[in-house]
Amino acid sequence: MSEAYTAAERRRFPQTSRVREEARRIDERLEATLRIPDVEPTAIVVIAHALPTHGGTMRTPIMAAIARACAEHGWYALRFNFRGVGASAGEWSGGRHETDDVAAAVDYARTVAPGLPLGIVGYSFGAFQILAYLERGGRADAIALVGVGTKDVSFAPRALPRVPDGTFIVAAENDQFGTADELRAAVPHARIATVSGVDHFFVGKRDEVGALVADDLARVLPVPSHLP
């Protein structure tokens, strides 16, 4: 079923102030939701959520903010729950098999929007799963990551997976899992945008995160010509 959804008052594109959101099922196992702008979509973006053992799901406020910003740019926004989360089948595997879920979501997105450019966004655990997906040969036209920690959940230093040159990352200035400065030192070849005054959860700045992500994706993904 479709549900009318009114975007937040802080609208950048009034033409897309109302969008539809539809419940979807990926491979008959993963719970998903597809946000549909009220213009002809010019791209589709897959968005992967944070660590489920610490409350991460496709429905958290930061995920909604990213999806909203993508829809405001005239793109489909596909969020999904990793295995064992919400109404998704299976059991969480600690990251061993969740890369398969990213791949399934990307494949599904390509069936939803055949021929359209595709972007992928991951927050925290979702960012690491996207990096794993890319490492094994996955592809997308545009990539943005949020909250890539240099420390694990016990605050111990962690080895980062390979981050492709020029990858765009939104970092929190005071991230308890690795500050923006620490991340910049760890991956100097990435393009890092710092959100000031927040920790890993970006409370109070989630719309800013969404805008940063969508604006960078728009360097590659087409925006409908009548939008600013």
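The structure places CD1 of I66 at 6.0 Å from CD1 of I47, a figure rounded to the nearest 0.5 Å. To the nearest 0.5 Å, the span separating CG on L145 from OG1 on T167 amounts to 6.0 Å. R35 contributes atom CZ, which lies 14.0 Å from atom CZ of R24 (distance to the nearest 0.5 angstrom). From R83, atom CZ reaches atom CG of D101 across 4.0 Å, with rounding to the nearest 0.5 Å. Interatomic distance, I169 CD1 to L131 CG, rounded to the nearest 0.5 Å: 7.5 Å. Atom OG1 in T99 sits 10.0 Å away from atom CG in L134 (nearest 0.5 Å).
Using the six-membered ring where Trp is involved, F202 and Y123 have ring planes that are perpendicular, over 60° apart on the 30 and 60° scheme.
Both the sub-6.0 Å distance and the 45° axial angle are satisfied by R158 relative to the ring of F128.
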Practice item. Please assess T194 against R184 for the test side chain to side chain contact (heavy atoms under 4.5 Å, CB included), listing each intermediate value before the final yes or no. Key: CA-CA 10 Å; T194 301; R184 190 170 286 108; 2.9 Å; yes
Practice item. Let me see the working for V112 and L34 under side chain to side chain contact (heavy atoms under 4.5 Å, CB included), right down to the final yes or no. Key: CA-CA 9 Å; V112 170; L34 182 71; 3.9 Å; yes
Practice item. In sequence, state the C-alpha distance, the side-chain angles, and the governing distance for L183 and L160, and then conclude on side chain to side chain contact (heavy atoms under 4.5 Å, CB included). Key: CA-CA 10 Å; L183 180 64; L160 293 179; 4.2 Å; yes
**Study point:** Audit row: F80, V46, side chain to side chain contact (heavy atoms under 4.5 Å, CB included) steps and yes/no
**Key:** CA-CA 8 Å; F80 69 96; V46 176; 3.9 Å; yes
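Considering every non-hydrogen atom in both H189 and D165, the closest pair reads CD2-OD1, 3.1 Å. Scanning both residues, R191 and G166, for their nearest heavy atoms gives NE-O, 2.9 Å. Across all their heavy atoms, W75 and P222 have their closest contact at NE1-O, 2.8 Å. Closest heavy-atom contact between R139 and V106: O-CG1, 4.4 Å. Among all heavy-atom pairs drawn from E173 and S196, the shortest one is OE1-CA, 3.3 Å. Nearest heavy-atom pair, G122 versus I130, reported as atom, atom and distance to 0.1 Å: N-CD1, 3.3 Å.
Side-chain contact, H49 with T60: no donor N or O sits under 3.5 Å from an acceptor N or O. In the model, T179 has no side-chain atom that pairs as donor or acceptor with a side-chain atom of D181 under 3.5 Å.
Counting only heavy atoms from C-beta outward, the side chains of D199 and F177 never approach each other to under 4.5 Å. In this structure, the side chains of V121 and L217 come closer than 4.5 Å at one or more pairs of heavy atoms. Between L116 and Y76, the closest side-chain pair of non-hydrogen atoms falls below 4.5 Å. Contact check for D27 versus Y108: no side-chain heavy atoms found under the 4.5 Å cut-off. Residues R68 and R206 are not in side-chain contact: their nearest non-hydrogen atoms beyond the backbone lie 4.5 Å or more apart. Here the side chains of V198 and E208 are not in contact, with every heavy-atom distance at 4.5 Å or above.
Note on I44: it does not cluster hydrophobically with M58, by side-chain heavy-atom contacts below 4.5 Å among ILVMFWY residues.
No close placement of the H97 and F82 rings is indicated, their centers lying 6.0 Å or farther apart.
Looking at D175 and K151, no side-chain N of the basic residue comes within less than 4.0 Å of a carboxylate O on the acidic one, giving no salt bridge.
The backbone N or O of W92 sits nowhere less than 3.5 Å from a side-chain atom of E98 that would complete a donor-acceptor pair.
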